[in-house]
Amino acid sequence: MMTLFHQIFTPANVGFMFKGLGMTIVIAILATLFSLFFGTILALVRTYAEGNFRWAKTLVAAYTEFFRCTPNLLWILWIYFTVKGNKVAVSVFAITLFTSAVMAEILRGGLNSIPAGQFEAARSQGFNFFQTLWYIVLPQTYKKVIPALLSQVITIIKDTSFLKMVDVAEFMRNCTVVMGTIYDWRGMLLLLGFEALCYFVICFALSCAVRGYQKTIVTA
């Protein structure tokens, strides 16, 4: 078994797999940032658009419900075959397209928890609507939904494994390339366990961060 271990986890193989893990983390970070940005816009429109902009509210509602009720892998494949360009950029775009809808609903829940009196108090202090959102409402919203956002980040990290289907050099794909050189079922199980361990360490660390943050809220 030790001989098999050394055959699989050579410096070249380990370096190749961790290069894929680095790509996984880069894609997850970029997709998280873009999804948070666009999700915030979608949540604000769906929560506050009134009057002549009600059409935008309806459009955003349709977007979020449509993407939340369809598989992420479907959109990764669809974007891959319809949008030409750098594979990493296209991958980030595909994940962002889907995850923005999820982020929007998380943030909308936070926005709805902010009392309407916050706007009245801000108006009495001379703040306009956009200043109220920027300085008062959004900071409180983000603070309330941090645990849910971090949980979604964990999902994004795991969802990057779908990119193996479109040959993006992320962690799962690079591990699969290494697995193609293994002809012993024990070696395959060993490599699968290594993949699971790497995902577990990253996602469990984020889970601990979520629980730690929740405890600080309770004790604050």
Side-chain angles (χ1 to χ4, degrees), residues 1-36 67-68 70-81 83 85-100 102-103 106 146-215:
M1 192 69 177
M2 289 302 297
T3 301
L4 187 61
F5 180 91
H6 290 301
Q7 288 176 347
I8 297 171
F9 295 100
T10 64
N13 284 347
V14 172
F16 182 67
M17 289 187 288
F18 275 112
K19 183 178 179 181
L21 184 60
M23 181 59 68
T24 288
I25 293 172
V26 168
I27 292 173
I29 290 173
L30 291 174
T32 297
L33 293 175
F34 283 118
S35 297
L36 185 60
F67 279 95
R68 286 176 63 241
T70 50
N72 194 1
L73 179 58
L74 172 69
W75 296 109
I76 290 172
L77 293 172
W78 190 84
I79 294 296
Y80 177 77
F81 289 114
V83 178
N86 179 273
K87 281 188 176 182
V88 175
V90 172
S91 299
V92 171
F93 174 66
I95 295 176
T96 299
L97 193 68
F98 176 87
T99 308
S100 292
V102 181
M103 292 284 198
I106 293 172
I146 281 177
L149 290 178
L150 287 176
S151 295
Q152 185 57 35
V153 171
I154 293 172
T155 300
I156 292 173
I157 292 171
K158 292 185 292 185
D159 283 356
T160 59
S161 62
F162 291 144
L163 298 173
K164 170 198 167 193
M165 303 294 295
V166 292
D167 201 35
V168 175
E170 48 76 53
F171 183 58
M172 184 71 77
R173 180 263 189 186
N174 284 11
C175 289
T176 302
V177 171
V178 173
M179 187 174 291
T181 66
I182 303 171
Y183 303 100
D184 188 310
W185 64 270
R186 294 172 301 172
M188 293 182 181
L189 290 179
L190 188 62
L191 185 54
L192 289 172
F194 172 72
E195 294 176 48
L197 178 63
C198 289
Y199 280 114
F200 174 79
V201 168
I202 295 172
C203 295
F204 184 69
L206 287 173
S207 296
C208 289
V210 172
R211 287 194 290 270
Y213 179 79
Q214 289 174 324
K215 287 180 180 178

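Position 1 is the first residue of the sequence, and the numbers go up from there. As the structure is a prediction and not an experimental result, all values here were calculated from the model.
- Taking the six-membered ring where the residue is Trp, Phe194 and Phe18 present perpendicular rings, their angle passing 60° and hence far from 30°.
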Using the side chain to side chain contact (heavy atoms under 4.5 Å, CB included) rule, take Met172 and Lys158 through it: C-alpha gap first, then chi angles, then the decisive distance, then the call.
-> CA-CA 10 Å; Met172 184 71 77; Lys158 292 185 292 185; over 6 Å; no
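- Scanning both residues, Ala148 and Ile106, for their nearest heavy atoms gives CB-CG2, 3.7 Å.
- Ring to ring, Phe34 and Phe93 are not that close: their centroids are 6.0 angstrom or more apart.
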Test side chain to side chain contact (heavy atoms under 4.5 Å, CB included) on Ile156 and Met103 and set out the steps.
-> CA-CA 11 Å; Ile156 292 173; Met103 292 284 198; 4.3 Å; yes
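- A donor-acceptor pair under 3.5 Å is absent between the side-chain atoms of Ser100 and the main chain of Leu97, judged by distance alone.
- The distance from the CG atom of Asp159 to the CG atom of Leu73 is 9.0 Å, given to the nearest 0.5 Å.
- The minimum heavy-atom distance between Ser35 and Thr96, with the atom names listed, is OG-CA, 3.5 Å.
- The shortest distance between side-chain heavy atoms of Ser91 and Tyr80 does not fall below 4.5 Å.
- Between the CG atom in Asp184 and the CG atom in Leu191 there is a gap of 12.0 Å [rounded to 0.5 Å].
- Annotation: side chain of Ile27 is in contact with side chain of Val168 (closest heavy-atom distance under 4.5 Å).
- Using a 4.5 Å cut-off on side-chain heavy atoms (C-beta onward), Ile95 and Leu163 make contact.
- Contact annotation: the side chain of Leu21 approaches that of Ile202 to within less than 4.5 Å [non-hydrogen atoms, C-beta and beyond].
- Taking the side chain as every heavy atom from C-beta outward, Met23 and Val88 approach each other to under 4.5 Å.
- Between the CG atom of Leu150 and the OG1 atom of Thr32 there is a distance of 9.5 Å, given to the nearest 0.5 Å.
- When atom types are taken as modelled, the side chain of Thr24 and the backbone of Phe171 share a donor-acceptor pair closer than 3.5 angstrom.
- The main-chain N or O of Gln7 is never found under 3.5 Å from a side-chain atom of Thr10 such that the two would form a donor-acceptor pair.
- For Glu170 (side chain) and Arg173 (main-chain N/O), a donor-acceptor pair under 3.5 Å exists by modelled atom type.
- A 4.5 Å side-chain heavy-atom check between Ile157 and Val153 finds at least one atom pair inside the cut-off.
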Should Lys87 and Val166 be marked as a side chain to side chain contact (heavy atoms under 4.5 Å, CB included) after you check the CA-CA gap, both sets of side-chain angles, and the distance that decides it?
-> CA-CA 9 Å; Lys87 281 188 176 182; Val166 292; over 6 Å; no
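- In this structure, CD on Gln152 lies 12.0 Å from CG on Leu206, to the nearest 0.5 angstrom.
- No more than 12 heavy atoms of other residues, nucleotides or ligands shown are found within 6.0 angstrom of CE on Met165.
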Under the side chain to side chain contact (heavy atoms under 4.5 Å, CB included) criterion, do Asn174 and Lys164 qualify, and how do the steps go?
-> CA-CA 8 Å; Asn174 284 11; Lys164 170 198 167 193; over 6 Å; no
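- In this structure, Phe204 and Phe200 have parallel ring planes: the angle between them is below the 30° cut-off, well short of the 60° mark.
- Proximity of Arg68 to Phe98: side-chain heavy atoms (C-beta onward) are nowhere separated by under 4.5 Å.
- Contact of the Met179 side chain with the Leu192 side chain is registered, since non-hydrogen atoms from C-beta on lie closer than 4.5 Å.
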